[in-house]
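In what follows, a structure is listed as structure tokens, so that the remarks can point back to it.
Below, chains carry the letters A, B, ... as their sequence lines are ordered, and counting in each starts from 1. Computation of the quantities below employed the complete heavy-atom set of this structure, encompassing side-chain atoms and omitting hydrogens, waters and symmetry-equivalent molecules.
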Amino acid sequence: MEIPRRLGPSWRGHESARAYLFILPFFFFLSLFWLYPVAMLVLDSLHKWDGMSPDRLFVGLDNYSDLLVDEDFLQSLGNSFLFIAGSVPLGIALSLGLALLLRKKIAGLGFFRTAFFLPVATSLVATGLIWQWFLNDNFGVLNGVLGAWGAGKIPWLTSTTFSMISVILMTLWKDAGYFMIIFLVGLHSIDESYYEAAKIDGASRGVIFRQITWPLLMPITFLVLVTKIIFSFRAFEQIYALTKGGPVGSTKVFVYYIWEEAFKLGKVGYAAAAALILLLVVLVITGLQFKFIRRRSGT
Amino acid sequence: MTQYYTAGRWHKLGENAFRFAVLVLLALVFLLPLVWVLITSVKSEIEVRIHPTALLPEVFHWDNYLNAWNNTNFGVQFLNSLLMASGVCLGQILTSVLAGYAFSRMNFLGKNFLYGISLLTLMVPYQLLALPIFVLLANLGMVDTYWALILPSVANAFGVFLLKQHIDGIPVSLEEAAFMDGAGRLRILGSIVVPLSKGPVVTLLVLTFIAEWNDLFKPLVYTSSAWLRTVQLGLTTFQEQFTATYTLLMAAVAFVTLPTVILFFLAQKQLIAGIASSGMKD
């Protein structure tokens, strides 16, 4: 929406100076705790440094070239992709499904919305604890329920095969409500007249979804997709809380790897280089998103 | 949807019943882990091992809550979390309202560039900045103080974005009238714009409070003293102490989570509107 701004630049003589005063508090803290650290990260990535000792050895791009042949790094990258491949499509399907179910008025709407949203308000530390208990091999309720149906005990958190599945399940549970809300807004913004016209034409439910809902929801779906991919790349706390990267590194994702290198092994320069690679990936994804949105609004 | 019309209301009723049933089932699945927290928290440790899936305890062990609370310093930790969350909320609202107003209403050199830079920080995984921030805090002598828990989160581009989007939608004519009466920018902001921005301010307040109450990262990395421990860090230390004592752990989970759940109930509508507007970028 464009509102005419008759109070233009010449409202007062010192308008610019005043504006800088207004943004000063924000930019003061943004510079200290966002911009400066990113700049430091770039510098650190060119050095061999443990984060504390006075000797910082300049090594140029060595950290970057070392990373590309570091098997642990590549494995963490692989784990992140596995995590994204598992949680993003399923997460979108789940959130969209919940939103579609809650689109029209139904008894208990508030209750359902709350039920799906409560995990979002729960901290990741608590979520990790809850799921460790929920997925416990011997006393967990999930194995208890599955056992009642005759299934064997599944080692959810103690086997390298199931650990990633567990992390994905927990993430689906935790995030579904948040993206459900975004989908709900998208669904409500679709003009009702499309549906009325389709009804008169006698279109089936499947056709209505494919021809109206899905294409018109595309910008929102795309936004959710990008946000989820970025969130998934940044995943750290849920791993820290549920599996601590284990067993045998099977859930050690990208940020967890960087965190361990920097804070446990003291390879700060090396971790900084890995962090910048992640930042680059995230920026590329964001750039693609903007390009996509522009292309859509252009046509 | 042909049947929809021919079979009429009965079909619609059946369809709604089916939708309702699916929703009930899904809600049960979503609530199960949380309900299990409450059930476990009032069982005895022996019962949990013998009848792990029993729905109700033989005897309600409310004393689990007392034991969990007394076994650590949860009282102090609640206070620390409250201080951290309130400090960050206050800081974010102040910086966001001022900057959001300037980006929406004022013209200055480099405006678009500065706004673009701020939005880009939303893409940066903040965990990666921990080390430079730690070094900075150490140089300022702020490591292991309340400042370390509050200051790193004071600037949040999300808040600026939220406020700018909202102020963009307020008719500027209201401010013009005040300006004619000789009011300055700051007074106009305080007496006209802020009262009209209660919605996004409350949204920011609630989202930030929940995020900070739930934050583990800052306390974990920037503090080490026990007296500065927040609830989430307290919960992880409690977990290390009582590794397999699930009854106490679940009681602790329940009371650590309660404040955000209450806040969510109180501000549900506002929160949903806020998430919605953050999803709509035009």
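Looking at B:I210, only its side chain comes within 4.5 Å of chain A, counting heavy atoms on both sides. With a 4.5 Å cut-off on non-hydrogen atoms, B:V124 touches chain A through its backbone and its side chain both. Within the 4.5 angstrom heavy-atom criterion, only side-chain atoms of B:Q239, from C-beta onward, approach chain A. Neither the backbone nor the side chain of B:L258 comes within contact range of chain A; no heavy atoms are under 4.5 Å apart. The part of B:V221 that comes within reach of chain A is its side chain, from C-beta onward, which places non-hydrogen atoms under 4.5 angstrom from that chain. Both the backbone and the side chain of B:A130 come within less than 4.5 Å of a heavy atom in chain A. For B:L120, the part lying under 4.5 angstrom from a heavy atom of chain A is the side chain only. Using a 4.5 Å cut-off between heavy atoms, B:S153 does not touch chain A at all.
Here CG of A:L21 is found 13.0 Å from CZ of B:R185. Values are rounded to the nearest 0.5 Å. Taking CD1 of B:I117 as the reference point, atom CZ of A:F27 lies at 7.5 Å (rounded to 0.5 Å). Once rounded to the nearest 0.5 Å, the distance linking CG of A:L129 with CE of B:M250 reads 5.5 Å. Between atom CD of residue A:E237 and atom CG of residue B:L220 there is a gap of 9.0 Å, rounded to the nearest 0.5 Å. For the atom pair CZ (A:F134) and CH2 (B:W36), the distance works out to 9.0 Å, reported to the nearest 0.5 Å. The CZ atom of B:F108 sits 14.0 Å away from the CZ atom of A:R18 when rounded to the nearest 0.5 Å.
For the options A:L30, A:V141, A:L279, heavy-atom pairs under 4.5 Å to chain B are most numerous at A:V141. The residue among B:V256, B:L94, B:V160 with the most heavy atom pairs within less than 4.5 Å of chain A is B:V160. Per-residue heavy-atom pair counts under 4.5 Å with chain A were compared for B:A99, B:P132, B:A102, B:P152, and the maximum is reached by B:P152. Between chain B and the options A:L276, A:V268, A:V145, heavy-atom pairs under 4.5 Å are most frequent for A:V268. Among B:L151, B:V135, B:T236, the residue making the largest number of heavy-atom pairs under 4.5 Å with chain A is B:L151. Ranking B:L136, B:L189, B:V231, B:L216 against chain A, the residue ahead of the rest is B:L136, based on heavy-atom pairs under 4.5 Å. Heavy-atom pairs under 4.5 Å with chain B were tallied for A:I230, A:L184, A:I285, A:T114; the largest tally goes to A:T114. The most heavy-atom pairs under 4.5 Å with chain B, out of A:Y240, A:F111, A:F233, come from A:Y240. Considering only heavy-atom pairs separated by less than 4.5 Å from chain A, the leading option among B:V22, B:I39, B:N16, B:L26 is B:L26. Interface check for chain A: of the options B:V37, B:L186, B:I133, B:L249, the most heavy-atom pairs under 4.5 Å are formed by B:I133.
For the pair B:V154 and A:F28, the minimum side-chain heavy-atom distance is 4.5 Å or more. In this structure, the side chains of B:V97 and A:F22 stay at 4.5 Å or more apart for every pair of heavy atoms. Contact check for A:L124 versus B:N214: no side-chain heavy atoms found under the 4.5 Å cut-off. Considering only heavy atoms from C-beta on, B:T121 stays 4.5 Å or farther from A:F33 through its side chain. Taking 4.5 Å as the limit, every side-chain heavy atom of A:F29 sits out of range of all side-chain heavy atoms of B:N156. No side-chain heavy atom of B:L31 sits under 4.5 Å from any side-chain heavy atom of A:F116.
Put simply, the residue from B:F265, B:F264, B:F30 that forms a ring pair (Phe, Tyr, Trp, His ring centres under 6.0 Å) with A:F117 is B:F264.
Taking both residues in full, the closest heavy atoms of B:R19 and A:L101 are given as NH1-O, 2.5 Å, listed atom of the first, atom of the second, then distance. Nearest heavy atom pair, residue B:T260 against residue A:A121, reads OG1-O, 3.1 Å. In this structure, A:S16 and B:L109 approach most closely via the heavy-atom pair OG-N, 3.8 Å. For the pair B:A155 and A:W34, the tightest heavy-atom approach, listed with the atom from each and the gap, is O-NE1, 3.2 Å.
Taking the six-membered ring for Trp and the full ring otherwise, A:F112 and B:F20 have centroids separated by under 6.0 Å. The six-membered or imidazole ring of B:F217 lies near that of A:F236, with a centre-to-centre distance under 6.0 Å.
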Check your understanding: When you look at B:L98 and A:F26, which way does the side chain to side chain contact (heavy atoms under 4.5 Å, CB included) test go after all the steps?
Key -> CA-CA 8 Å; B:L98 282 171; A:F26 172 68; over 6 Å; no
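Side-chain atoms of A:W133 and B:T40 form a donor-acceptor pair, as typed in the model, at a separation below 3.5 Å.
Remark: side-chain polar atoms of B:T257 are not paired, donor with acceptor, to backbone N or O of A:T122 under 3.5 angstrom. Using modelled atom types, no side-chain atom of B:Q232 and backbone atom of A:V125 make a donor-acceptor pair closer than 3.5 Å.
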